[in-house]
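The sequence lines fix the lettering, A, B, ..., with proteins before strands; numbering per chain opens at 1. Small disclaimer: the values here were computed from a predicted structure and weren't measured.
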Protein chains: 2
Amino acid sequence: MTESHEESRVRVDLTAVVVAVRAGDPVVLTVSRSADAPVALPSGPLESAHRTLQAGLRNWVEIETGFRLGYVEQLYTFGDPAPSKFEHSGPDADRALSIAYLALVSPPGPALPHQGDWRSWYAFFPWEDMRAGEPAAREPLLDRLTKWAARSGVAGDREVADRIRLAFAGNGAPWDEERTLERYEMLYEAGLVPEAFIDRGDASPAGSTVPGLAMHADHRRMLATAISRLRAKIKYRPVLFELMPPAFTLSELQRTAEALSGIVLHKQNFRRLIAQQDLVEETGEVATDTGGRPAKLMRFRREATLERPAPGVRLSATRRAGFP
Amino acid sequence: MTESHEESRVRVDLTAVVVAVRAGDPVVLTVSRSADAPVALPSGPLESAHRTLQAGLRNWVEIETGFRLGYVEQLYTFGDPAPSKFEHSGPDADRALSIAYLALVSPPGPALPHQGDWRSWYAFFPWEDMRAGEPAAREPLLDRLTKWAARSGVAGDREVADRIRLAFAGNGAPWDEERTLERYEMLYEAGLVPEAFIDRGDASPAGSTVPGLAMHADHRRMLATAISRLRAKIKYRPVLFELMPPAFTLSELQRTAEALSGIVLHKQNFRRLIAQQDLVEETGEVATDTGGRPAKLMRFRREATLERPAPGVRLSATRRAGFP
DNA sequence: CCCTTTATGCTCAGCTAGAGCATAAGAGGT
DNA sequence: ACCTCTTATGCTCTAGCTGAGCATAAAGGG
């Protein structure tokens with residue numbers, strides 16, 4: 001076959017979505033390359049000195065933020081060149097792949113990181129936080145998306161409308177917190193996020209986009225990918241504990257689960273699930289700063305991983321009135 | 001920071017795990033580059049002419065096998081250089097990334113593909129097929145792994161032994177069909193597959209490896225990744241139907257699920273699940289070549305995807321005697 | 001001692017999953 | 001036509017899990 005006639009060597013970027021939960025808020029580590037540019041995720045090019053991809057990633061995060069990562073997993077490789085960004089300089093003259101990783105760390109102390117900021121991920125996706133009930137952001141989104149679908153008059157627009165309804169819980173459909181990526185991609189496609197205009201080379205028409213901070217390049221898409229993955233994963237793997245300090249109360253554990261999933265959980269049932277699965281054990285001490293009855297402190301039983309097949313933290317939401 | 005001083009441009013390979021189910025066997029599309037080399041998965045380098053990664057992948061598969069892909073999803077990006085393979089030519093002088101994709105196609109007609117062979121994936125992973133009960137391959141594997149763990153005397157060998165027991169269903173642990181990748185990686189680490197020796201540059205000591213065909217480079221690892229992903233995914237997304245012809249019987253659907261998961265399912269419960277979820281509808285016709293009572297032909301209701309959140313095909317295994 | 005707040009225990013009904021019995025409807029042999 | 005074998009299809013039963021909510025315990029602050 002016609003091997004290696006147009007074969008290209010490409011630059012590879014390693015990008016990290018570093019997640020922690022701090023005071024009940026899911027936060028992501030960001031850096032600012034320049035004063036008024038949108039924030040970015042820590043990242044850097046793969047270098048020949050990097051033994052493995054993960055090693056390269058850890059290295060860059062440490063350089064850019066001074067932070068040492070623990071749990072790391074690969075998320076996705078993004079490689080489609082921004083369509084017209086470099087149009088003038090030949091067909092994707094500067095194609096680059098980005099390999100995105102998800103990293104989880106326990107609550108960062110105030111000292112670290114040396115550089116970079118922790119920001120609530122809901123600053124970038126306000127509509128993803130359903131913990132206080134309907135976020136103000138959601139309803140308008142559904143509206144604008146629906147209008148877009150109607151206006152664009154795509155073939156199969158009935159199906160597009162259905163997808164929107166399903167993704168954004170319109171018209172009585174249940175909210176599926178795992179569809180974060182799908183929702184972001186719909187907004188992108190509909191041209192409702194600034195990134196869509198930037199990628200097309202247009203200026204962003206004022207007021208046309210929806211609330212939520214933009215990020216550098218396709219970093220917000222990566223964050224959305226990370227959220228989707230994490231929200232799914234806590235249900236079947238005990239990754240939640242990577243985000244906890246060594247000792248914690250069940251309420252803190254629940255608040256962490258709620259922070260990530262963006263929904264409110266039924267307290268008693270949550271405890272029952274945790275207890276049933278032997279995922280934690282009492283340390284013997286209690287936390288007295290609860291504001292009410294003191295809570296027993298727990299620690300993660302790492303051995304649990306070796307006993308049952310796939311322990312995770314299934315989430316049973318609390319339904320709230322007026323939200324069928 | 002020290003940007004781009006050692007930054008390297010790398011070659012990127014696109015590799016496809018193309019899966020179909022034919023006559024109750026899960027098959028994967030393979031190519032043979034040379035006569036006596038291990039078979040490989042269709043793949044080729046990313047070229048600058050490729051608009052997107054997926055487009056490049058489709059292109060290569062078509063060139064190498066004449067096959068046009070339908071459903072495609074990204075699996076994983078493998079990038080760690082084989083440790084000592086190129087040691088003589090400097091630190092990873094020829095580093096290459098491979099982006100692996102999973103593709104699903106309906107049963108291939110006899111005409112296609114022009115080149116390449118469909119092979120049962122259990123030829124590469126004999127221990128993964130539990131449909132006929134305990135595969136002969138499994139027990140010896142457990143033995144040799146356990147011995148390896150004891151011999152290697154790793155720190156925490158107790159935990160290693162537990163992991164092995166859990167992954168390979170030793171000592172009464174339940175078989176988890178989704179852990180295909182984990183199992184392969186254990187075998188690799190224990191040096192029980194030829195690939196481990198090849199990567200180290202050693203000759204493979206005769207008779208030291210376990211049954212199961214090897215593949216080119218790290219392609220068997222990619223196949224294992226695909227199997228794991230697919231076995232997990234059929235449970236929560238209706239991907240099973242990507243592998244079915246337009247009309248099929250429920251038994252055929254079940255046989256496909258069994259082929260992929262490698263376990264036997266409870267017939268009546270399987271039908272109940274499918275029926276409950278409205279995933280299929282009758283075409284009105286019947287298949288008479290069943291060998292018994294004719295079966296109603298069904299078709300996939302694509303709309304089902306738009307009605308419920310995440311329809312999939314949960315699998316309820318049939319337990320067999322003597323296998324607690 | 002009362003009130004507020006959070007932690008923890010426990011109950012109950014509906015639903016789901018795992019198993020297995022029973023019947024239906026073809027084909028092929030006698 | 002009848003019997004037998006084979007696969008398809010219907011239905012039942014039970015244990016366990018899930019979603020909800022009531023009730024009690026244990027602190028701190030008036």
Side-chain angles (χ1 to χ4, degrees), chain A residues 24 174-175 235-236 247-255 257-258 261 263-298 308-324, chain B residues 24 174-175 235-236 247-255 257-258 261 263-298 308-324:
Chain A
W175 173 257
K235 291 176 191 162
Y236 61 93
F248 49 86
T249 68
L250 288 182
S251 287
E252 284 163 358
L253 186 65
Q254 181 177 352
R255 258 196 301 283
E258 290 174 335
S261 62
I263 57 179
V264 178
L265 306 178
H266 182 112
K267 186 161 185 164
Q268 294 93 327
N269 291 349
F270 179 82
R271 320 179 121 247
R272 180 173 59 189
L273 284 178
I274 301 292
Q276 269 177 2
Q277 303 193 124
D278 281 322
L279 284 170
V280 299
E281 63 190 0
E282 305 181 3
T283 66
E285 297 175 87
V286 292
T288 53
D289 57 344
T290 55
R293 172 174 171 175
K296 292 178 189 165
L297 280 172
M298 314 295 255
R308 330 180 158 280
V313 177
R314 276 160 292 166
L315 311 178
S316 72
T318 291
R319 263 184 235 320
R320 46 184 75 250
F323 189 58
Chain B
W175 174 255
K235 291 176 190 161
Y236 61 93
F248 50 85
T249 68
L250 287 182
S251 288
E252 285 163 356
L253 185 65
Q254 182 177 351
R255 258 197 301 282
E258 290 173 335
S261 61
I263 57 179
V264 178
L265 306 178
H266 182 110
K267 187 162 185 162
Q268 295 93 326
N269 290 349
F270 180 81
R271 319 176 122 252
R272 179 175 57 187
L273 283 178
I274 302 293
Q276 268 176 4
Q277 303 192 124
D278 282 321
L279 285 171
V280 299
E281 64 191 357
E282 305 181 3
T283 67
E285 297 176 89
V286 293
T288 53
D289 56 343
T290 55
R293 172 174 172 176
K296 291 179 189 164
L297 281 173
M298 313 296 255
R308 333 182 155 277
V313 177
R314 276 160 292 166
L315 311 178
S316 72
T318 291
R319 265 186 233 321
R320 46 184 75 251
F323 190 57

field: Whole-Å distance separating the CD1 atom of B/Ile274 from the P atom of C/dA17
entry: 12 Å

message: Given the structure, check if the side chain of B/Arg272 and the base of C/dG18 hold any donor-acceptor pair shorter than 3.5 Å.
response: yes

- request: Measure the spacing between NZ of A/Lys235 and OH of B/Tyr236 and express it to the nearest 0.5 Å.
  value: 11.5 Å

query: B/Gln276 has an atom CD; how far is it from atom P of C/dT16, in whole Å?
result: 6 Å

- prompt: Please give, in whole Å, the distance from C/dA19 P to B/Arg271 CZ?
  reply: 18 Å

message: Within residues 280-295 of chain B, which residues have any heavy atom lying less than 4.0 Å from an atom of DNA chain D?
response: B/Thr290, B/Gly291, B/Gly292, B/Arg293, B/Pro294, B/Ala295

message: Base, sugar-phosphate or nothing for B/Ser251? Non-hydrogen atoms, less than 4.0 Å.
response: sugar-phosphate

field: Atom-pair distance (CE on A/Met298; P on C/dA7), nearest Å
entry: 12 Å

For atom NE2 of B/His266 and atom C1' of D/dT14, their distance in whole Å: 14 Å

CZ on B/Arg255 to CG on B/Leu250, rounded to 0.5 Å: 11.0 Å

message: Does anything in residues 284-296 of chain B form a side-chain hydrogen bond (donor to acceptor under 3.5 Å, both in side chains)? List the pairs, not counting sequence neighbours.
response: B/Glu282-B/Lys296

field: For atom CG of A/Asn269 and atom P of C/dA7, their distance in whole Å
entry: 16 Å

task: Look up atom CZ in A/Arg272 and atom CD1 in A/Ile274, then write down how far apart they are to the nearest 0.5 Å.
output: 12.0 Å

- request: Check the distance between D/dT9's C1' and B/Leu265's CG and give it to me in whole angstrom.
  value: 17 Å

statement: Here the distance between atom C1' of C/dG18 and atom CD1 of B/Ile263, to the nearest Å, is 13 Å

query: Can you find a side chain N or O atom of B/Lys267 that sits less than 4.0 Å from OP1 or OP2 on D/dT7?
result: no

